[in-house]
Amino acid sequence: MKPTSNFLSHLNPSQRRAVEHFCGPLLVVAGAGSGKTRALTYRIANLILQHKVDPENILAVTFTNKAAREMKERIQKLFAEQMAMQEYGEKYDLLPEFDQGKLRSRVYRTVIKDMWCGTFHSLFSRILRLDIDKYVDENGRKWEKNFSIFDDSDAQSLVKEIVTKQMNLDDKKFDPKSVRYAIGNAKNQGFSPKEFAIEQPNYRGKIIAEVYSAYQDKLAGNNALDFDDLILIPTRLFQQNEKVLDYWHRKFHHILVDEYQDTNRTQYEIIRLLSTNDEGKKSWNWDNRSTFVVGDADQSIYSFRQADFTILLGFQDEFGDGLEDDNTRTMVKLEENYRSCENILEVANQLIENNTQRIDKILKPTRAAGEEICLFKADDEVVEADFVINQIRKLEEENPDLDWGSFSILYRTNAQSRPFEDLLVKYQVPYNVVGGFRFYDRKEIKDILAYLKAIQNPSDAVNIQRIINTPRRGIGKSTIDTLVRASQELGTNLWEILNDETSVNTLAGRAAKSVNNFAGIIKKWQAEIETMPVTELVAGIIEDSGYVQDLHTQGTDEAEDRIQNIQALYNAVSEFQEENQENEESVTLQKFLEKTSLSSDLDKLKEGDAAVSLMTLHASKGLEFPVVFLVGLEQGLFPNYRSMQDPAALEEERRLCYVGITRAQERLFISHARERRLYGSREPAMRSQFLDELPEDLVANHHQTRQGYVKISTGSLPKRSDRNAFTSNTQSDVIQNWQVGDAVIHKTFGEGEITHVFDAGSKTSVAIKFTNLGTKIIDPRVAQLQKIN
DNA sequence: AAAATTGTTGCCAGC
DNA sequence: CAACAATTTT
């Protein structure tokens with residue numbers, strides 16, 4: 001199939017450069033709303049159509065499952081459109097539905113199915129399902145292909161058990177949560193337990209390293225991995241086994257990574273390994289290969305899980321030609337914004353300029369100015385919610401272009417959703433809360449999944465213990481203790497004991513019978529796992545567990561609710577089975593379990609069901625809405641109090657705000673409250689410092705009255721210089737005199753020369769042209785900047 | 001062994 | 001205030 005001539009005509013020149021780039025490394029710096037998804041999908045289509053790349057040689061990494069699904073759908077559509085013209089001589093949209101369906105499913109089978117497109121976690125767990133048996137870690141720990149994936153709460157209880165029971169530490173001093181966090185950080189930076197131990201200078205660090213090692217023992221003992229292992233283990237496997245690395249290196253000719261600014265060291269390392277086969281730069285061979293990354297340092301908002309945007313900033317040095325912006329052939333910037341009205345962009349641009357650590361980049365508007373941004377001051381969080389919901393209802397009514405799905409409410413923390421939900425319910429506005437509590441995290445769902453996991457992977461003692469007496473079947477704490485102790489003493493896992501009738505029969509009579517019964521259930525279904533359709537398997541297990549029956553006898557409303565949820569889980573299984581069968585994919589229990597472990601809540605956000613979306617700013621990344629409400633702009637909340645002392649963390653909060661603003665297409669509302677409930681008591685709240693960084697001439701001030709709200713002013717805030725005189729009395733003492741032409745050295749960016757000085761009252765910014773990195777605008781009070789000579 | 005009560009801590013973000 | 005853990009009661 002050959003592409004029709006208009007294939008690339010929907011692209012602007014920069015997008016086109018990105019799409020048509022064939023071999024070698026390329027960094028695409030893609031500002032918000034600049035059409036990077038389009039660039040990615042067209043690039044993949046172009047690789048296949050133009051360069052005859054086999055889809056199975058493509059690896060595309062996205063940030064969420066939803067993004068992966070959308071990307072696949074868009075590519076599918078592109079292909080179907082091409083084929084429609086070729087085979088029917090007709091536009092795809094004009095074909096009868098039957099032919100459309102036929103085309104789509106053929107494209108799926110011949111193109112989409114073979115492509116590896118997904119999140120880091122899903123892609124690399126897939127590799128582990130094939131190759132983990134070839135891996136042995138530094139302590140001889142091994143895993144089998146049917147490993148379980150432990151979620152955060154599983155992981156946390158393991159750590160807690162180690163800290164309190166095994167090592168007898170004070171869990172005040174070694175709070176399991178922070179220990180677990182430290183272990184996660186180590187994994188995300190690529191450290192094994194031993195390597196981590198060496199790095200530790202103090203007692204506390206050494207203890208944490210010990211916990212890390214014991215934690216890995218426990219995981220291996222359960223034949224289980226945590227989320228971070230899903231990336232770290234394949235990385236280590238690739239490092240230790242040339243053959244395995246070489247196989248995957250040869251398989252993936254073209255590697256694409258989206259949201260590259262949010263990759264961490266381990267993820268970077270695995271991309272590096274796959275791209276280069278771990279060879280030195282001189283022997284890299286880019287023939288028929290490419291590594292194509294897309295990102296925007298200004299939207300890096302996941303440093304709390306060790307994402308590091310300097311990886312993106314370093315791409316040019318690591319992979320690229322390292323030439324300056326104007327001359328480089330390994331970087332493309334997408335700066336035209338197609339999403340937002342000009343006013344919104346202007347606000348975003350001005351805000352983000354307050355950050356020092358950036359690539360010089362500005363979003364250029366392509367759309368009309370649009371309406372003013374509306375800033376609303378509320379008395380408290382309830383008034384704030386009232387304002388938002390009323391605006392939504394009013395706009396929806398007045399504007400035929402808008403439906404409920406056009407609106408989103410974005411907040412810093414999940415806990416803020418409550419008052420908005422209350423009012424949406426009151427006015428019967430359909431809405432969707434994204435994130436927070438996942439369906440798969442409900443107790444009854446986790447219980448049923450524990451059965452499934454135990455059957456899939458009997459070494460998984462954590463999940464066995466979860467369900468051995470759920471529902472009650474007379475296996476009490478002391479019985480379980482005896483069994484667990486026995487397994488520890490024999491150095492085997494719990495299942496080996498349960499599965500051995502003679503061992504079990506040494507227990508007191510009643511308990512022995514119950515345990516044998518339980519073991520029988522697990523064994524029975526284990527035997528069916530390869531052959532029985534997943535839906536039947538799950539239905540049978542639910543039945544045999546007696547779980548639903550037990551809920552029935554309870555008879556409470558809550559129990560009825562749980563039964564409903566279990567029904568919904570079953571529905572999810574059958575949907576899963578149907579979908580996969582349609583696409584001629586194999587359907588296994590393992591795949592379903594994987595999906596439940598790795599799916600995020602964002603996945604439920606379906607297009608087409610018209611409902612107001614409520615979510616955190618983090619969850620909003622990559623999405624867009626005609627109308628956006630950015631709420632709770634208060635000191636301590638946003639920016640979050642934990643970030644306020646640390647300049648780097650504060651800059652991340654600012655990027656988060658930037659992400660929020662740039663979600664808006666037509667209208668942007670920003671609000672804050674003067675008082676807010678916190679831990680139950682009312683606390684006064686100050687307006688966020690970010691509000692003072694927005695251009696006042698584009699922002700209209702509003703305040704509530706009994707009748708609703710009135711517009712007070714446009715641009716009536718105190719003049720910027722006055723405000724700064726008031727607010728910035730803390731660190732302005734060490735003002736240096738920066739002048740155009742000064743040679744300076746920056747801690748991370750190296751040497752450069754000042755090309756502009758921006759003086760606004762007490763705040764000074766300087767633009768510096770760095771030798772290797774191009775021009776950046778920097779706040780000399782925050783950055784470590786020194787004059788040289 | 002399970003249920004009821006009191007106490008404690010936490011709201012930062014999520015694959 | 002609410003979720004969760006630890007503790008006491010039946």
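Throughout, a chain's letter reflects where its sequence line sits, starting with A, and its residues are numbered from 1.
For the pair E652(A) and Y679(A), nearest-nucleotide mapping onto DNA chain B gives the more 5' position to Y679(A).
With a 6.0 Å radius and a threshold of 12 heavy atoms from other residues, nucleotides or ligands, K513(A) has its NZ atom at or below the threshold. In this structure, M686(A) places its CE atom where only 12 or fewer heavy-atom neighbours from other residues, nucleotides or ligands lie under 6.0 Å away.
The two residues A60(A) and M71(A) make their nearest non-hydrogen contact at CB-SD, 4.5 Å. Between F439(A) and A568(A), the shortest heavy-atom distance links the atoms CZ-CB, 3.9 Å.
Listed nucleotides dA2(B), dA13(B), dC15(B) differ in distance to R412(A); the shortest reach to its side chain belongs to dA13(B). With dA2(B), dC11(B), dG14(B) as the choices, the nucleotide that has an atom nearest any side-chain atom of N469(A) turns out to be dA2(B). Considering only side-chain atoms of F304(A), the nucleotide from dG14(B), dC15(B), dC11(B) that sits closest is dG14(B). Ranking dC15(B), dA13(B), dC1(C) by closeness to the H121(A) side chain, first place goes to dC15(B). In this structure, of dA2(C), dC15(B), dA13(B), it is dC15(B) that holds the atom nearest to the side chain of F227(A). You'll find that the side chain of R472(A) is closest to dA3(B), out of dG14(B), dC11(B), dA3(B).
Following rounding to the nearest Å, L637(A) (CG) and dC11(B) (C1') show an atom-to-atom distance of 9 Å. Following rounding to the nearest Å, L656(A) (CG) and dC11(B) (P) show an atom-to-atom distance of 18 Å. What separates CD of Q416(A) from P of dG10(B) is a distance of 19 Å, to the nearest Å. For the pair E651(A) CD and dA13(B) C1', the computed distance is 18 Å after rounding to whole Å. Distance, E683(A) CD to dC11(B) P: 17 Å, rounded to whole Å. Look at OH on Y440(A): it is 13 Å from P on dC15(B), rounded to the nearest Å. Rounded to whole angstrom, the span from the CG atom of N188(A) across to the P atom of dC15(B) amounts to 14 Å. Spacing between atom CG of L678(A) and atom P of dC1(C) amounts to 13 Å, rounded to whole angstrom units.
The shortest distance between the side-chain N/O atoms of T616(A) and the OP1/OP2 oxygens of dG14(B) is below 4.0 Å. Residue N414(A) places no side-chain N or O under 4.0 Å from the OP1 or OP2 atom of dC11(B). Checking the phosphate oxygens (OP1, OP2) of dC4(C), no side-chain nitrogen or oxygen of K160(A) falls inside 4.0 Å. OP1 or OP2 of dC15(B) has not a single side-chain nitrogen or oxygen of R305(A) nearer than 4.0 Å.
With centroids closer than 5.5 Å and planes inclined by less than 30 degrees as the test, Y302(A) and the base of dA13(B) fail to qualify as a stacked pair.
The cationic group of R562(A) does not satisfy the cation-pi geometry with Y547(A), failing either the under 6.0 Å distance to the six-membered ring centre or the 45° limit from the ring axis.
Side-chain atoms of D131(A) and W248(A) include a donor-acceptor pair closer than 3.5 Å.
Evaluation of atom-type donor-acceptor distances gives a pair under 3.5 Å for the side chain of D152(A) against the base of dC15(B).
Across all strands shown, F120(A) has no heavy atoms under 4.0 Å from either base or sugar-phosphate atoms.
The gap from the P atom of dC4(C) to that of dA13(B) amounts to 15 Å, rounded to the nearest Å.
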